[in-house]
Number of protein chains: 2
Amino acid sequence: MLDATSSYNPMDLRIPVADRTGHRTVPETTRRSDRIPGTRYGNRPTMKDVAARAGVGLKTVSRVVNGEPGVTPETERRVQEAIEALGFRRNDSARVLRKGRTASIGLVLEDLADPFYGPLSRAVEEVARAHGALLINGSSAEDADREQELVLALCARRVDGLVVIPAGGDHRYLEPELKAGVATVFVDRPAGHIDVDVVVSDNFGGARDGVSHLLAHGHRRIGFIGDMPRIHTAAERLRGYRTAMEDAGIAVEDAWMSLGVTDPERVRRAAEEMLSGPEPVTAIFTGNNRVTVTVIRVLAGHTRQVALVGFDDIELADLLQPGVTVVAQDAAALGRTAAERLFRQLDGTLLAPERIELPTRLITRGSGELPPAD
Amino acid sequence: MLDATSSYNPMDLRIPVADRTGHRTVPETTRRSDRIPGTRYGNRPTMKDVAARAGVGLKTVSRVVNGEPGVTPETERRVQEAIEALGFRRNDSARVLRKGRTASIGLVLEDLADPFYGPLSRAVEEVARAHGALLINGSSAEDADREQELVLALCARRVDGLVVIPAGGDHRYLEPELKAGVATVFVDRPAGHIDVDVVVSDNFGGARDGVSHLLAHGHRRIGFIGDMPRIHTAAERLRGYRTAMEDAGIAVEDAWMSLGVTDPERVRRAAEEMLSGPEPVTAIFTGNNRVTVTVIRVLAGHTRQVALVGFDDIELADLLQPGVTVVAQDAAALGRTAAERLFRQLDGTLLAPERIELPTRLITRGSGELPPAD
DNA sequence: TAGAGCCTGGACAACGTTGTCAGGCTCGGG
DNA sequence: CCCGAGCCTGACAACGTTGTCCAGGCTCTA
């Protein structure tokens with residue numbers, strides 16, 4: 001675990017989930033001595049200091065800093081000089097306190113390091129930037145408590161809006177925030193027990209199409225390896241798989257399906273099992289990018305050709321032998337759509353919450369077109 | 001361009017770079033009507049409201065919310081009830097204003113969507129979390145003005161510290177911030193004209209080792225394709241290349257080196273040129289992950305075998321034919337090291353700024369071991 | 001030249017929280 | 001019965017900024 005024993009810990013984020021108020025009940029641990037009275041903000045100059053130095057009133061400085069009219073060029077020059085000389089920088093905390101808007105939005109996702117979330121996050125950031133807002137983000141690590149903790153910490157900072165890729169299934173804890181006017185959009189997965197905007201991919205349809213593609217190339221025994229079933233996307237993709245199979249008149253066997261953590265070891269075992277025995281699968285549909293990568297590795301170690309279609313595109317998929325056929329979703333579009341909706345909520349131009357579903361796209365590259373090898 | 005014509009734009013971040021005060025001189029565009037006087041924060045309850053409802057004093061509520069001692073269980077219960085009933089959430093802006101610390105750090109990087117920065121960002125976040133701080137981040141898109149704009153916006157929010165992957169080369173604009181005690185660490189690339197902590201990879205040594213590897217396999221005509229020379233990492237890697245070549249007694253020809261944007265089209269052209277003509281290169285050293293990916297695509301279209309070593313590891317590199325030999329740097333370690341140093345600055349346990357260089361690792365997978373094919 | 005109107009600048013309160021400090025209560029002992 | 005000690009509680013000021021409002025000086029016109 002990381003070292004957190006040092007003395008910097010100005011505001012502990014770890015909120016006991018039982019109480020939802022954003023406060024802490026645990027006693028303080030060692031912490032940095034409080035600010036010496038009289039020193040403000042590491043001695044940062046304030047508007048008062050600037051005013052004193054420029055020989056003008058406080059409000060005049062405010063006017064200059066905010067580009068408000070009603071200041072003579074000469075006065076403005078004097079103020080600017082003082083600002084430069086003192087290295088003054090407006091304190092946005094105070095500004096926020098006064099104005100009520102923070103010009104920042106929060107993004108809670110599963111893992112910033114996942115190649116799927118990078119572009120999504122970037123897209124949200126671009127939209128935020130276009131609206132003059134900053135992005136604060138945090139990773140939930142697929143842990144519902146941590147998600148709630150993060151969301152509430154963001155609310156305590158009074159973000160104007162939240163984009164959430166939920167880890168948990170119950171979001172009633174957000175009700176007071178919604179009532180208070182925090183714009184909220186869920187992405188990638190729906191919200192539980194609250195009525196908010198949701199932007200998702202067509203996970204069901206995408207998976208069905210991907211599996212149908214395998215069926216069209218003659219496969220009957222097709223395996224499915226996916227994420228934990230409590231995750232909505234995983235469940236939907238499994239449903240797509242089952243539907244495609246049923247529509248083709250195939251009775252799905254339990255041994256063909258494996259759901260669980262996307263840890264390489266688990267996935268590897270699942271794949272090996274499906275590929276062994278008297279009646280091994282001849283094709284595998286993988287439920288997300290991490291699973292796909294691991295299965296590619298497994299298949300590379302086998303001599304028998306096994307067809308593969310994966311959910312989520314992966315880099316270099318086209319250069320492998322054979323190229324990896326995938327059901328691609330547009331992560332950037334998910335993020336962009338969600339963020340745009342968020343700002344429309346803030347505009348007031350948006351009325352009832354809606355569920356938006358973005359299409360997926362089957363990209364054929366070879367691995368899905370292999371015929372059954374038995 | 002993104003739509004920013006809507007009315008939500010509470011605090012424009014776009015600061016004219018000429019003036020460094022965090023204020024705006026452009027006249028206001030349309031903007032949301034100011035808060036109706038009397039309504040506070042979308043009618044969010046405050047401690048005062050909680051106090052009134054619980055029939056206690058303001059400070060008692062504060063004590064309960066912050067888990068301070070000196071409140072009877074009965075009083076605490078009443079306060080908790082009121083908190084629950086009103087959906088109260090502490091306003092951290094006010095808290096920050098009072099306490100002087102924001103418990104947040106800023107991260108400015110080039111592009112969140114780049115697979116190199118995802119893990120770095122995540123590592124910074126983990127360290128921040130361990131110290132009870134939130135992460136605010138922004139992408140500079142390799143634009144110096146945008147970097148400055150972002151950094152200053154973060155400073156206006158009074159982040160406690162900054163982790164910066166610089167785009168620009170001059171950071172004197174940070175001097176007032178440093179003086180004011182904003183902890184600062186530069187990562188991946190050094191800072192310009194200011195004395196701060198820097199954490200970088202051994203770009204020079206890594207590139208030299210990678211090129212030496214090619215030399216050891218008999219190559220003499222080795223090409224180098226890298227990022228723009230004004231980017232420190234690109235320049236260092238080029239220097240590593242030249243040093244390795246010179247140490248081997250080879251006079252580097254201009255036609256072997258190509259530096260510029262990592263746009264696939266430019267890289268593709270550069271590679272094609274090196275591979276054509278009477279004396280084509282027999283091996284290529286690529287300066288970063290994006291270049292490597294494009295060059296792999298180019299080489300896949302050629303029949304002649306060309307050796308390749310790339311800077312930065314890339315996913316699935318082991319599964320290509322041949323596997324891609326790379327000089328890997330540890331993005332997560334860069335982020336972790338930088339963030340840990342940042343918090344040590346905030347602790348006060350850190351003295352003089354330092355430059356930390358992390359080693360790189362040559363991972364051989366085949367592409368670098370191909371013999372010259374002429 | 002007086003009065004009206006405009007322009008500039010500044011005093012003041014408020015935003016929601018926390019640190020300081022003092023007052024009131026209970027309880028036990030003299 | 002009174003007093004002091006110790007524990008709870010709350011009044012108040014301050015953090016830095018911005019919106020409101022008013023004062024004073026200027027220009028322009030009658």
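FYI, side chains are in, hydrogens and waters are out, and symmetry mates aren't considered; it's all heavy atoms of this structure. First the proteins, then the strands, lettered A, B, ... as listed; each starts at 1.
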(message) Strictly below 4.0 Å: does B:T72 bring a side-chain N or O up to OP1 or OP2 of D:dT9?
(response) yes
(request) Could you tell me whether B:R77 and B:E74 have a side-chain N and a carboxylate O separated by less than 4.0 Å? (result) yes
(request) Mind checking side-chain contact (heavy atoms from CB on, under 4.5 Å) for B:T349 and listing every partner two or more places apart, or none if nothing turns up? (result) B:R344, B:D347
(request) Rounded to the nearest angstrom, tell me the gap between atom CG in B:D49 and atom P in C:dC15. (result) 11 Å
(request) Return the value, rounded to whole Å, for the distance between atom CG of A:L97 and atom P of C:dA14. (result) 14 Å
(message) If you only use heavy atoms from C-beta on, which nucleotide in D:dT18, C:dG16, D:dT9 is closest to the side chain of A:R98?
(response) D:dT18
(request) Ignoring backbone atoms, establish whether A:K99 has a side-chain N or O less than 4.0 Å from OP1 or OP2 of D:dG19. (result) yes
(request) Using only heavy-atom distances, decide whether a donor-acceptor pair under 3.5 angstrom links the side-chain of A:K59 to the base of D:dG19. (result) yes
(message) Return the OG to CG distance between B:S93 and A:D92, rounded to the nearest 0.5 Å.
(response) 9.5 Å
(request) Using whole Å, report how far NZ of B:K48 lies from P of D:dG10. (result) 15 Å
(request) Decide yes or no, distance alone: a donor-acceptor N/O pair under 3.5 angstrom between the base of C:dG10 and the side-chain of A:R63. (result) yes
(message) In this structure, how many angstroms lie between the C1' atom of D:dT17 and the CE atom of A:M47, rounded?
(response) 6 Å
(request) Taking only the side-chain heavy atoms of B:V71 (C-beta and beyond), determine which of D:dT9, C:dT8, D:dT18 contains the nearest atom. (result) D:dT9
(request) Would you kindly give the CG-to-P distance between A:L58 and D:dG19, to the nearest whole Å? (result) 13 Å
(message) Measuring from the side chain of B:N91 (C-beta onward, heavy atoms only), which nucleotide among C:dG16, D:dG16, D:dG10 has the closest atom?
(response) C:dG16
(message) Can you tell me which nucleotide in D:dG10, D:dG19, D:dT18 comes closest to the side chain of A:N66?
(response) D:dT18
(request) Return the set of residues passing side-chain hydrogen bond (donor to acceptor under 3.5 Å, both in side chains) with B:D197 (not counting sequence neighbours), or none when no residue passes. (result) B:R341, B:Q345
(request) Take atom CD of B:E74 and atom P of D:dT9, then tell me their distance rounded to the nearest Å. (result) 10 Å
(message) Can you tell me if B:T60 touches the phosphate of D:dC8, counting only side-chain N or O atoms and a distance under 4.0 Å to OP1 or OP2?
(response) no
(request) Starting at atom CD1 of A:I83, determine the distance to atom C1' of D:dT17, rounded to an integer number of angstrom. (result) 14 Å
(message) Please confirm whether the shortest side-chain N or O distance from B:T75 to OP1 or OP2 of D:dC8 is below 4.0 Å.
(response) no
